[in-house]
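Just so it is clear: chains get the letters A, B, ... in the order the sequence lines come, proteins before strands, and each one is counted from 1. Predicted, not measured: the structure shown is a model, and the values here were computed from it. FYI, side chains are in, hydrogens and waters are out, and symmetry mates aren't considered; it's all heavy atoms of this structure.
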Number of protein chains: 2
Amino acid sequence: MLSKKTKYGIKALVYLARQEDRMPVQISTISQSENISRKFLESILLSLRKNGLLGSKKGKGGGYYLLKDPKEIPMTTVMRLLEGPIAMVPCVSLNFYEKCDDCTDEDVCAVNKLMLKVRDNTLEIFRNTTLADLSN
Amino acid sequence: MLSKKTKYGIKALVYLARQEDRMPVQISTISQSENISRKFLESILLSLRKNGLLGSKKGKGGGYYLLKDPKEIPMTTVMRLLEGPIAMVPCVSLNFYEKCDDCTDEDVCAVNKLMLKVRDNTLEIFRNTTLADLSN
DNA sequence: GCATTATCCTACTAAATCGATAGGGTTTAA
DNA sequence: TTAAACCCTATCGATTTAGTAGGATAATGC
């Protein structure tokens, strides 16, 4: 299951991508428009800023804005920042690989075999979809 | 992330699928071979039996066995029994559909659009993979 | 018929995660 | 100087996860 954090994060990013200019948008504006708890969204946007996806401006007239062109932001980046690993098991993860405790031989493991296929497909979709694609 | 329940369940089913005959296999045998906590595996196999995937025999010489030919068991069935919905959000789920609280219009929702693609692809894989495929 | 073997079933629990909420601190524009 | 806005840390209730405990029930073989 996708966490609400990820879901809200994507919605907020798409909201920002839909702005013609790169002017700062306030948290409250997004939270009201997308029906997201203001405080929760605040923490999400904060982490997206810390991870280099968003810029922010403090004080009156401040807010958040995208640092790059939406066309240059693939969903792999977004998903990894918000949700973490794309793979369903760590043993098939590219960026978060971890060996299973119980598995003696990964090459024979049925779960590994199956989830590798799923990861490949999902990854392909995320790679070929940018924020811009979702904003239309 | 895939739950351990699902992971262990798949491993156990594959173990059973690899038996030439349909003789009952004891929980302990599988749990030792696959490094799974005996009691936890017990509860998993019990639920698979209740859901019609496995048969069981009590008493001495008892155990669990597949009720159908592994070729006839697609991973969609297995995944839905063990993990639940295949979709990452309920609003794109076939068997577990649920409307989002925050979403006013599903047709415009970026998350919906993206996750629909992911679900279609994942579903295709699970549909075209049977227990038999994973047992080789 | 009785001991042994194995599944069946219910209940409990420790730990982790999720989805927030609280409550200030700091910066900036007007 | 004041109000608007982000910044940051801490806390919290509810839920899920990954088991564990302990006995009830059923089948087998002697």
With a cut-off of less than 4.0 Å, is there a side-chain N or O of A:Tyr64 near OP1 or OP2 of D:dC7? yes
Side-chain N or O of B:Ser37 versus OP1/OP2 of D:dT20: is the shortest distance under 4.0 Å? yes
Close side-chain approach of B:Asn121 and A:Thr122, heavy atoms under 4.5 Å: no
Given that B:Gly59 and A:Val25 both sit by DNA chain D, which one's nearest nucleotide is further toward the 5' end? A:Val25
Does the side chain of A:Ser56 get closer than 4.0 angstrom to OP1 or OP2 of D:dC7 through an N or O atom? yes
Spacing of A:Phe40 atom CZ relative to C:dA20 atom C1', expressed in whole Å: 6 Å
Should the pair B:Asp102-A:Lys7 be classified as a salt bridge under the 4.0 Å nitrogen-to-oxygen rule? yes
So does B:Ser43 get a side-chain nitrogen or oxygen closer than 4.0 Å to the phosphate oxygens (OP1/OP2) of C:dC9? no
Approximate separation, where rounding is to 0.5 Å, of A:Arg119 CZ and A:Ser93 OG: 7.5 Å
Would you mind reading off the distance between B:Arg49 atom CZ and D:dA26 atom P, rounded to a whole angstrom? 12 Å
Whole Å only: how far is the NZ atom of B:Lys4 from the C1' atom of D:dT17? 10 Å
Is B:Lys50 near enough to C:dC9 that one of its side-chain N or O atoms lies under 4.0 angstrom from OP1 or OP2? yes
Contact under 4.0 Å: B:Arg38 side-chain N or O vs C:dT7 OP1/OP2: yes
Please give, in whole Å, the distance from D:dA18 C1' to B:Glu34 CD? 18 Å
Nearest whole Å is fine: how far is D:dA5 P from A:Leu41 CG? 15 Å
Is a donor-acceptor pair below 3.5 Å formed from side chain A:Glu42 to base D:dC7, judging by atom type as modelled? yes
Ignoring backbone atoms, establish whether A:Lys57 has a side-chain N or O less than 4.0 Å from OP1 or OP2 of C:dA29. yes
Stepwise side-chain hydrogen bond (donor to acceptor under 3.5 Å, both in side chains) check, B:Ser28 with B:Ser31: CA-CA 5 Å; B:Ser28 313; B:Ser31 88; 5.4 Å; no
Would you mind classifying the nucleic acid contact of B:Ile27 as base, sugar-phosphate or nothing, using non-hydrogen atoms under 4.0 angstrom? sugar-phosphate
Please give, in whole Å, the distance from C:dG19 P to B:Asp101 CG? 12 Å
Quick one: the side chain of B:Lys39 and the base of D:dG22, do they pair up donor-acceptor inside 3.5 Å? yes
When rounded to whole Å, the CG to P distance for the pair B:Leu46 and D:dG19 reads 17 Å
Rounding to an integer number of Å, can you tell me how far A:Leu2 CG sits from C:dC18 P? 11 Å
About how many Å separate CG of A:Leu48 and OG1 of A:Thr77, when rounded to the nearest 0.5 Å? 11.5 Å
